[in-house]
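Written out below as structure tokens is the structure these notes cover.
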Amino acid sequence: MKSVTDSHSATTYAVNVVLPCLDEAEALPWVLERIPPGWRAIVVDNGSTDGSPDIARDLGATVVSEPRRGFGAACHAGLLAADADIVCFCDCDASLDPGLLVPFAAQVAAGEADLVLGRRRPASPGAWPPHARAGNLALARMLRRRTGLRLHDLGPLRAARREDLLALDLTDRRSGYPLQMVVRAADAGWRVRERDVPYLPRTGRSKVTGTWRGTWHAVRDMRKVLGEAPRPAPLEAHR
């Protein structure tokens, strides 16, 4: 477990970054070279056939195998494998720079937030396809009705404390995992914050939002999550 010192608070804390991965050989070098110094990268291979696990190992990442297909399955396997106080999540397709997570982790470590999410801001016209943006907007509105949280994005760049995440008892192992995290965090009274982050065109084709069909399946999974009855999970006193 490696640690990093936040220059604002002079507090040393450990950080792991979970990177769900399915055939991201082309993007991995770009992503891993941007992991902040001292942080541990956990690449969770979800059945790649392009050599992604070997590339990740060669670049110094910890590689975890999760044979059960699903974005949530990969994310949760990474969470279980993490050994740091603070765990971050980032896509492995080069659409988001993991270096942007430094202030996310600092905000959690300082006790200013319990969950920090990245609000994606497209860096170019083609970075965020219209159907994906429309699906995200619809989900944000449904989330607001369900929880009262006035969020603009349910993006994958995020940070929270590992033990608190485990206490949420997340069960979705498909596309609904990121949303379930936010819903259960809201039910538990977490302080959820957003930070703007530039969103780049991904490397390769998206497995989820690359098509209208994939977007529809993701929205369907997430609607199931929004239909869950509230289940408060007590959170330890804010640090």
Side-chain angles (χ1 to χ4, degrees), residues 16-22 42 44 46 64 66-82 86-93 96 101 104 108 113-120 132-195 197 206-209 214-236:
N16 289 170
V17 185
V18 175
L19 300 155
C21 176
L22 175 60
I42 302 176
V44 184
N46 203 207
V64 174
E66 174 50 69
R68 180 179 176 182
R69 284 293 183 93
F71 182 77
C75 287
H76 203 69
L79 176 61
L80 294 176
I86 296 174
V87 176
C88 299
F89 296 84
C90 181
D91 275 356
C92 207
D93 58 10
L96 292 162
L101 286 163
F104 287 50
V108 173
D114 303 304
L115 175 63
V116 182
L117 306 173
R119 181 183 181 183
R120 291 170 288 184
R133 297 184 71 173
N136 186 74
L137 178 61
L139 287 167
R141 289 174 175 170
M142 288 187 283
L143 176 70
R144 185 176 303 177
R145 289 196 295 268
R146 166 66 174 74
T147 67
L149 289 177
R150 301 183 68 83
L151 300 176
H152 302 86
D153 191 10
L154 298 171
L157 204 67
R158 51 188 63 193
R161 292 188 183 274
R162 180 179 184 272
E163 292 305 317
D164 293 341
L165 287 170
L166 291 173
L168 293 180
D169 191 26
L170 301 176
T171 56
D172 191 282
R173 296 295 181 265
R174 290 163 53 95
S175 301
Y177 186 89
L179 177 61
Q180 188 180 56
M181 183 186 296
V182 177
V183 169
R184 294 194 176 180
D187 288 346
W190 287 30
R191 296 161 299 168
V192 182
R193 304 289 184 263
E194 280 186 320
R195 298 184 68 96
V197 294
S206 171
K207 289 80 176 174
V208 177
T209 58
T215 299
W216 165 246
H217 283 302
V219 171
R220 183 186 61 185
D221 287 345
M222 294 181 186
R223 288 188 65 139
K224 290 180 182 178
V225 170
L226 290 169
E228 293 180 354
R231 52 185 308 279
L235 179 66
E236 296 178 12

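The two residues Cys92 and Leu19 make their nearest non-hydrogen contact at SG-CB, 4.1 Å. Between Ala186 and Thr147, the shortest heavy-atom distance links the atoms CB-CB, 3.7 Å. The heavy-atom pair separating Pro20 from Cys90 by the smallest distance is CD-O, 3.4 Å. Nearest heavy atom pair, residue Ala82 against residue Val87, reads CB-CG2, 3.7 Å.
Here the CG-CH2 distance, from Leu168 to Trp190, works out to 4.0 Å after rounding to the nearest 0.5 Å. The CG atom of Leu115 lies 4.5 Å from the CG atom of Leu117; values are rounded to the nearest 0.5 Å. Residue Leu96 holds its CG atom at 8.5 Å from CG of Leu101, rounded to the nearest 0.5 Å. Taken from CZ in Phe71 to CG in Asp172, the straight-line distance is 11.0 Å, to the nearest 0.5 Å. Separating the CD1 atom in Ile42 from the SG atom in Cys21 is a distance of 13.5 Å, to the nearest 0.5 Å. To the nearest 0.5 Å, the span separating NE2 on His152 from CG on Leu143 amounts to 12.0 Å.
In this structure a side-chain-to-backbone donor-acceptor pair under 3.5 Å is missing from Arg195 to Val116. With hydrogens and angles ignored, the 3.5 Å screen pairs a side-chain donor or acceptor of Arg173 with a backbone N or O of Leu170. Checked by atom type and distance alone, the side chain of Glu194 never pairs as donor or acceptor with a backbone atom of Leu151 at under 3.5 Å. The closest donor-acceptor contact from the side chain of Asn46 to the backbone of Arg68 lies under 3.5 Å. A distance-only check finds a donor-acceptor pair linking the side chain of Arg158 to the backbone of Pro178 [under 3.5 Å]. A donor-acceptor pair is defined here as one N or O able to donate and one able to accept, closer than 3.5 Å; no such pair exists between the side chain of Asn16 and the backbone of Cys88.
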Checking side chain to side chain contact (heavy atoms under 4.5 Å, CB included) for the pair Asp114/Val192: CA distance, chi angles, key distance, verdict?
CA-CA 6 Å; Asp114 303 304; Val192 182; over 6 Å; no
May I have the step-by-step check of side chain to side chain contact (heavy atoms under 4.5 Å, CB included) for Asp187 and Arg146, ending in yes or no?
CA-CA 10 Å; Asp187 288 346; Arg146 166 66 174 74; 2.9 Å; yes
After noting the C-alpha distance and the side-chain angles of Glu228 and Gln180, does the key distance pass the side chain to side chain contact (heavy atoms under 4.5 Å, CB included) rule?
CA-CA 9 Å; Glu228 293 180 354; Gln180 188 180 56; 2.9 Å; yes
Where do Leu179 and Leu226 land on the side chain to side chain contact (heavy atoms under 4.5 Å, CB included) test, with the steps shown first?
CA-CA 8 Å; Leu179 177 61; Leu226 290 169; 3.7 Å; yes
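Judged as a ring-ring contact (aromatic ring centres under 6.0 Å, His included), and not counting sequence neighbours, the contacts of Tyr177 are His76.
Summarising the local packing, CZ of Arg141 is surrounded by 12 or fewer heavy atoms from other residues, nucleotides or ligands at distances under 6.0 Å.
Between Leu157 and Arg120 the shortest side-chain heavy-atom distance does not fall below 4.5 Å. Side-chain contact between Met181 and Leu165 is present, with heavy atoms from C-beta onward closer than 4.5 Å.
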